[in-house]
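When reading the values below, keep in mind they use all heavy atoms of this one structure, side chains included, and skip hydrogens, waters and symmetry mates. Letters A, B, ... are given to chains in the order of the sequence lines, protein chains preceding strands, and every chain is numbered from 1.
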Number of protein chains: 2
Amino acid sequence: MDEKPYHHGDLKRALVDAGIALLEEAGPQGLSLRAIAARVGVSHAAPRRHFDGVLGLKTAIAAEGFRRHAAFMRDGLPAQTGRGDRRFAAMIGYVRFAQAHPHLFTLMFSTRDADFADPELQRAGAESYGVLSDIAAGLEPLYGDAPDARRRAETFLWSVVHGYSQLALTGLLHTDAHGTPLHRIEDVMPPIGTAAGDN
Amino acid sequence: MDEKPYHHGDLKRALVDAGIALLEEAGPQGLSLRAIAARVGVSHAAPRRHFDGVLGLKTAIAAEGFRRHAAFMRDGLPAQTGRGDRRFAAMIGYVRFAQAHPHLFTLMFSTRDADFADPELQRAGAESYGVLSDIAAGLEPLYGDAPDARRRAETFLWSVVHGYSQLALTGLLHTDAHGTPLHRIEDVMPPIGTAAGDN
DNA sequence: GCGCCTATGTTTCCGGCGTCAACTTTTTTG
DNA sequence: CAAAAAAGTTGACGCCGGAAACATAGGCGC
């Protein structure tokens with residue numbers, strides 16, 4: 001009992017969890033405030049005591065998504081050794097999360113569903129960004145003496161991996177008969193940073 | 001009068017145009033079937049004669065978006081000369097379009113709003129993809145003798161430019177006080193394909 | 001030029017949605 | 001143990017997308 005709500009026990013967390021479950025089952029169309037409340041067994045007006053409208057609830061869902069996203073990438077890392085390997089591992093983790101939880105991933109980056117000014121969401125997002133930032137360090141030399149080389153490397157890496165993920169989710173990449181992209185992210189990354197002596 | 005509908009004149013096109021205008025004015029939340037119909041001065045049930053529900057109408061809007069997107073990139077091209085220059089010009093065009101029409105751009109890649117199985121949308125999307133494909137040709141040698149080198153280059157380039165655009169729109173990149181990204185797309189692209197003898 | 005036919009648009013109704021105000025129940029607190 | 005505050009319920013509102021029934025207006029056969 002971290003927090004101690006009076007009636008339900010922990011309605012706030014229950015609503016977020018139910019929201020994520022409902023999102024994966026029914027997709028974004030099925031994710032209504034009323035449906036989430038019903039799944040928890042509570043009236044449709046109850047969430048208002050804990051969240052600022054449906055936007056607040058979805059924002060909390062997005063934040064939880066970023067936490068899981070960061071954990072997902074981190075868990076895929078340690079088995080790998082070389083620096084280039086680590087980089088690929090985290091990138092692959094980013095893409096895999098998107099493919100495993102397409103609706104959640106989409107929600108996490110939707111300004112329509114989430115309020116990116118929310119402090120909790122920003123904290124969770126930063127947690128996720130931190131993992132990418134770490135592995136972007138190896139790309140820094142690519143930018144030579146340019147100012148903000150590290151940040152440029154981060155932005156580049158994030159752009160590739162995020163763009164690939166979204167295009168894959170939308171089904172816009174070349175795919176096989178099952179809808180699986182023909183080329184994985186590691187097949188598509190040109191040999192940079194890894195070619196000229198990396199690890 | 002290309003087509004000659006009976007009452008309105010060309011309700012189909014009028015609805016799409018009104019939808020885009022409304023989208024830019026009121027954002028995705030304001031883009032309802034009823035609001036679009038009202039703007040054209042028609043009842044909310046009229047669009048159903050021309051589109052398969054609100055999804056069909058939004059799909060048509062997305063298709064028109066892709067056509068404008070392709071034209072936007074093409075128009076930015078001819079002034080440039082070198083091959084690396086051409087590449088940057090198209091990439092910058094991609095990003096600029098997203099920044100100039102954020103809601104339309106978002107809609108164009110939203111599986112929630114658009115039906116990507118729609119033939120018209122696929123045709124329009126292919127038009128847009130063609131521009132990127134052209135300029136990706138220069139990156140092909142990066143992939144050596146790998147199979148599908150051309151497609152890998154296309155996927156890579158599209159991923160970067162699309163990821164950057166979306167992250168910029170969402171406001172997740174490092175920005176100045178006005179919300180403008182600190183690093184432009186051409187600042188974050190690492191020196192590949194252009195460094196070792198390009199044009 | 002008249003009568004049908006079909007394309008186009010309207011009206012009306014339905015259920016679901018998010019929000020709000022008023023009310024009830026439960027827990028805390030002094 | 002009583003007052004207050006927190007948590008949840010009920011019922012209403014307006015907007016939404018969809019469907020069915022109806023109205024209108026051009027096209028076409030004759």
**OP:** Evaluate the side-chain contact (heavy atoms from CB on, under 4.5 Å) criterion for residues D187(A) and R184(A): first the C-alpha distance (whole Å), next the side-chain angles of each, then the deciding distance (0.1 Å), finally the verdict.
**Re:** CA-CA 5 Å; D187(A) 299 330; R184(A) 295 164 300 174; 3.2 Å; yes
Subject >> Separation of dA7(D) C1' from F51(A) CZ (nearest whole Å) >> reply: 14 Å
**OP:** Whole angstrom is fine here: how far is it from CG in L57(A) over to C1' in dT19(C)?
**Re:** 14 Å
Original post:
So, do F66(B) and F105(B) have ring centers that fall under 6.0 Å from each other?
Top reply: no
**OP:** Indicate whether OP1 or OP2 belonging to dA19(D) is found under 4.0 Å from a side-chain N or O atom of R48(B).
**Re:** yes
**OP:** Specify the separation, in whole Å, of atom CD1 of I36(A) and atom P of dG16(C).
**Re:** 17 Å
Original post:
Can you check whether P181(A) reaches Q99(A) side chain to side chain, under 4.5 Å on heavy atoms?
Top reply: yes
Subject >> Audit row: E186(A), M91(A), side-chain contact (heavy atoms from CB on, under 4.5 Å) steps and yes/no >> reply: CA-CA 8 Å; E186(A) 62 265 36; M91(A) 294 178 71; over 6 Å; no
Subject >> Interface with DNA chain C, restricted to residues 24-34 of chain A and to heavy atoms under 4.0 Å >> reply: S32(A), L33(A), R34(A)
Original post:
Whole-Å distance between dG18(C) C1' and L15(A) CG?
Top reply: 15 Å
**OP:** Kindly point out which of dT19(C), dT9(D), dA20(D) is positioned nearest to the side chain of V54(A)?
**Re:** dT19(C)
**OP:** Write down the distance between CG (D52(A)) and P (dG18(C)), rounded to a whole number of angstrom.
**Re:** 14 Å
Subject >> D113(B) CG to dG17(D) C1', straight-line distance once rounded to whole Å >> reply: 14 Å
Original post:
Do R67(A) and E120(A) meet the salt-bridge criterion of a basic N to acidic O distance under 4.0 Å?
Top reply: yes
Original post:
Do the charged groups of R123(B) and D118(B) touch, with an N to O distance under 4.0 Å?
Top reply: no
**OP:** In whole angstrom, give the distance that lies between atom NE2 of H44(A) and atom P of dG16(C).
**Re:** 13 Å
**OP:** Could you check how far NE2 of H50(B) sits from C1' of dT10(C), rounded to whole Å?
**Re:** 13 Å
